[in-house]
Amino acid sequence: MKDEGLTEMAPLDFGPGRDRFLAEVLAGLGKPQKELPSKYFYDERGADVFERICQVEEYYIPRVEASIMQAHIGEMADLIGHNALLMEFGSGNCEKVRFLLDHLSDPVAYFPVDISREQLLIVAEQLASEYPELEVCPICADYLARFDVPEAKRHPERRCIYFPGSTFGNLDPVPAQRFLERVASTCGQGGALLIGVDLKKDPVVLHRAYNDRDGLTAEFNFNLLRRINRELDCDFDLESFRHYAFYNPRMSRVEMHLISDREQAVHLGGQTISFAAGESIWTESSYKYDLKDFERMASGAGFNVERVWTDERQWFSVQYLVCR
Ligand code: AVJ
């Protein structure tokens with residue numbers, strides 16, 4: 001019997017299917033420096049491990065960002081204004097947006113965009129039942145690719161895109177620039193981007209954040225191979241890879257790799273992929289910014305950086321950008 005208390009929500013689905021996943025994995029493993037797209041970390045289990053990473057002591061990002069949000073939420077809500085349409089990229093468990101929603105003045109709609117289909121559905125239904133006045137429309141998509149944005153039922157004063165957590169840091173400089181340009185065209189003139197940008201800091205702090213003692217970051221990294229094994233019928237031997245993460249100061253990024261312990265081969269989509277002993281698969285980059293560098297990039301994409309909030313150590317920033 002249908003539970004009348006729940007809205008039956010069908011997400012708009014532009015998410016990559018199995019064919020796309022296989023093609024991207026094969027393309028990445030075919031390069032001289034093998035690589036895998038970090039967006040595929042977030043299957044059900046990966047999303048879960050990431051949530052646990054967010055609780056470890058060394059991974060400072062969630063705590064510092066939350067403290068900045070708490071200190072300045074009033075000002076943020078004023079800038080976003082009445083009747084805004086709020087769209088979030090990489091909404092995950094939708095935990096952060098609740099705090100923002102609770103302070104906004106009569107937002108017309110909330111569109112969470114995430115690649116993790118399972119989590120998106122569960123969380124969006126839950127949110128819709130908690131905020132009955134709010135139009136909640138989940139969109140399953142890779143927000144780096146093009147996807148259609150539906151119209152809200154009520155006319156919004158402004159479109160505001162929320163992109164917290166420094167997820168932006170996963171993008172290499174050229175895609176990052178292109179991404180900001182596309183966000184500018186999505187939110188339109190006068191539209192806004194509220195974005196979390198992680199800042200350059202002591203490399204030792206960064207190193208610890210991606211090499212936590214409990215090994216959760218390593219588990220997160222390995223989960224990508226586990227997912228490829230399960231969803232693409234591959235045969236990675238997880239035991240023979242090592243988690244390796246370090247800060248690359250010349251490129252201002254933390255790099256995560258998986259290093260093959262020995263010479264070996266895996267089989268995927270009818271192909272054999274070989275690894276030399278010590279060869280790496282590059283699984284993620286997390287770029288760390290200077291305020292100046294980020295501003296230059298944002299400005300080149302058509303945004304004015306209206307406000308920048310940071311913590312006292314300047315470890316992290318939340319920035320409010322308005323589209324010219
Ligand atoms: C969710 C992309 C912001 O890069 O810091 C955490 C993911 N990787 N630990 C980051 C991640 C390793 C995280 N982001």
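One-based numbering, in listed order, for ligands and for the atoms of each. Everything numeric in this text was worked out from a predicted model, so none of it was measured. Below, each value reflects all heavy atoms present in this structure, side chains not excepted, and no hydrogens, waters or symmetry copies.
In this structure, Gly165 has a heavy atom closer than 4.0 Å to ligand 1. Close to ligand 1: Phe50, with a non-hydrogen atom less than 4.0 angstrom away.
If you check which protein heavy atom lies closest to atom 13 (C) of ligand 1, you get Tyr59 OH, 3.1 Å. In terms of protein heavy atoms, atom 11 (C) of ligand 1 is closest to Glu284 OE1, 3.7 Å. The nearest heavy-atom contact from the protein to atom 2 (C) of ligand 1 is Asn170 OD1, 3.0 Å.
Within the listing of ligand 1, atoms 4 (O), 5 (O), 8 (N), 9 (N), 10 (C), 12 (C) sit less than 4.0 angstrom from a heavy atom of Tyr210. Residue contact check: Ser286 has heavy atoms under 4.0 Å from atoms 4 (O), 5 (O), 10 (C) of ligand 1. Ligand 1 places these atoms under 4.0 Å from at least one heavy atom of Tyr42: 1 (C), 2 (C), 7 (C). Against a heavy-atom cut-off of under 4.0 Å, Ser166 is close to the following atoms of ligand 1: 3 (C).
The aromatic ring centres of Phe220 and Tyr210 sit 6.0 Å or more apart.
Taking the six-membered ring where tryptophan is involved, the planes of Phe89 and Phe163 are perpendicular, since the angle between them exceeds 60° and thus also 30°. The aromatic rings of Phe294 and Phe168 sit perpendicular to each other, their planes meeting at more than 60°, with 30° as the lower class boundary. Between Tyr244 and His257, the two ring planes are tilted [angle within 30° to 60°].
Of the heavy atoms in Tyr287, none comes closer than 4.0 Å to ligand 1. Heavy atoms of Phe41 found under 4.0 angstrom from ligand 1: none, in either backbone or side chain.
Side-chain contact between Pro203 and Pro249 is absent, with no heavy atoms from C-beta onward closer than 4.5 Å.
The closest side-chain donor-acceptor pair between His243 and Asn221 falls under 3.5 angstrom. Side-chain atoms of Asp198 and Tyr60 include a donor-acceptor pair closer than 3.5 Å.
Around the CD atom of Gln33, the shell of radius 6.0 Å holds more than 12 heavy atoms that belong to other residues, nucleotides or ligands.
Ligand 1 has no nitrogen or oxygen under 3.5 angstrom from a nitrogen or oxygen of Thr217.
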